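The structure appears below as structure tokens.
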Amino acid sequence: VILAGDSAGANLALVEAMRRRDEDRISDVLALLLYYGSYAPCRNGGSFDAYGDGRFGLSKQAQERYFDAYLQKAPLGDWRAFPLMGRLHGLPYTYVLAAELDPLYDDSIDLHRALLESGVPSKLSIASAMPHGFLNQANDLPVAANEIKQSIVSLTGHLTNTITTS
């Protein structure tokens, strides 16, 4: 199984991998492909301030509405909503794609760093001058199609190395 997702889907894929790890069922997850996901609460500063005004699509205000609707009564520190607040050790290879003009850019960078600090093999790719959700335009936007291709190349390389060294 390879778990993948973009935006909220990346969050869900990561949380599912963490849940499987905690239930000793992570061995069936070979890798994660996480595209510009949401991994922490909205905050002031950084990419939220730089790109969260809505001119590039996703706004901080919209993200806060999504969290309010999704979380409702969940506690703010719940790792199932904000996986950066949870334990990341023991996860499989993770490919993280950050979109440079995305309010969630810092989440992807922070996740990649936290994965490496937890001993998880991780590759970070940054899509320069791209907004949140740009992969949805892969049929019309060559850079989006290329980013998807690069994530598959990275995943294939990792899986090939894993198979040949085991």
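It should be emphasised that the depicted structure is a prediction, and the values quoted were computed from it without experimental measurement.
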Under the 3.5 angstrom rule, does the side chain of [X] hit a backbone N or O of [Y] as a donor-acceptor pair?
X: Arg80; Y: Gly86; result: no
X: Asp106; Y: Ser47; result: yes
X: Glu100; Y: Ser128; result: no

Kindly write out the residues that satisfy side chain to side chain contact (heavy atoms under 4.5 Å, CB included) with [X], not counting sequence neighbours, or none if the list is empty.
X: Asp53; result: Arg55
X: Val153; result: Lys149
X: Ala62; result: Leu58, Ser59, Arg65, Tyr66
X: Ala10; result: Leu34, Tyr39

Exercise for the section: Quick one: list whatever passes side-chain hydrogen bond (donor to acceptor under 3.5 Å, both in side chains) with Asn136, sequence neighbours left out. Expected result: none

Exercise for the section: Sequence neighbours left out, what pairs pass ring pair (Phe, Tyr, Trp, His ring centres under 6.0 Å) with at least one residue falling in residues 86-123? Expected result: Tyr93-His158

Practice task
Provide the full list of ring pair (Phe, Tyr, Trp, His ring centres under 6.0 Å) pairs with a residue in residues 127-147, sequence neighbours left out, each pair given once.
Solution key: Tyr36-His132, Tyr36-Phe134

Practice task
Find the distance between CG (Leu33) and CG (Leu97) and round it off to the nearest 0.5 Å.
Solution key: 10.0 Å

Practice task
Starting at CG of Leu159, measure out to CD1 of Ile152 and round the result to the nearest 0.5 Å.
Solution key: 9.5 Å

Tell me every residue that passes salt bridge (charged side-chain N to carboxylate O under 4.0 Å, His left out) with [X], counting only those two or more places apart in sequence or in another chain.
X: Arg25; value: Glu23
X: Arg43; value: Asp107, Asp110
X: Asp68; value: none
X: Glu147; value: none

Between [X] and [Y], is there a shared hydrophobic cluster once you connect ILVMFWY residues whose side-chain heavy atoms come closer than 4.5 Å?
X: Leu135; Y: Leu101; result: no
X: Val96; Y: Ile126; result: yes
X: Ile109; Y: Leu111; result: yes
X: Leu91; Y: Ile2; result: no

Using a 4.5 Å cut-off on heavy atoms from C-beta on, say whether the side chain of [Y] contacts that of [X].
X: Ser125; Y: Gln150; value: no
X: Asn11; Y: Pro83; value: yes
X: Tyr35; Y: Ser151; value: yes
X: Asp22; Y: Arg87; value: yes

Exercise for the section: Check whether more than 12 heavy atoms from other residues, nucleotides or ligands sit under 6.0 Å from atom CD of Glu64, and answer yes or no. Expected result: yes

Handout entry: Residues, nucleotides or ligands: over 12 heavy atoms within 6.0 Å of Arg19 CZ
Key = yes

For the residue pair [X] and [Y], what are the closest heavy atoms and their distance?
X: Ile26; Y: Gly90; answer: CG1-O, 3.9 Å
X: Leu155; Y: Ala31; answer: CD1-CB, 3.3 Å
X: Phe82; Y: Pro41; answer: CD2-N, 3.3 Å
X: Arg20; Y: Val29; answer: CD-CG2, 3.5 Å
X: Leu14; Y: Leu32; answer: CD1-CD1, 4.0 Å
X: Leu115; Y: Ser122; answer: CD1-OG, 3.7 Å

Handout entry: ring pair (Phe, Tyr, Trp, His ring centres under 6.0 Å) against Phe48, all qualifying residues, sequence neighbours excluded
Key = none

Handout entry: Val15 vs Trp79, side-chain contact (heavy atoms from CB on, under 4.5 Å): CA-CA, chis, key distance, verdict
Key = CA-CA 8 Å; Val15 168; Trp79 66 266; 4.1 Å; yes

Practice task
Check the side chains of Ser38 and Gln63 for a donor-acceptor pair under 3.5 angstrom, ignoring hydrogens and angles.
Solution key: yes

Practice task
Could you give me the CA-CA distance, side-chain angles and deciding distance for Lys123 and Thr94, then say whether side-chain contact (heavy atoms from CB on, under 4.5 Å) is met?
Solution key: CA-CA 6 Å; Lys123 166 129 173 77; Thr94 304; over 6 Å; no

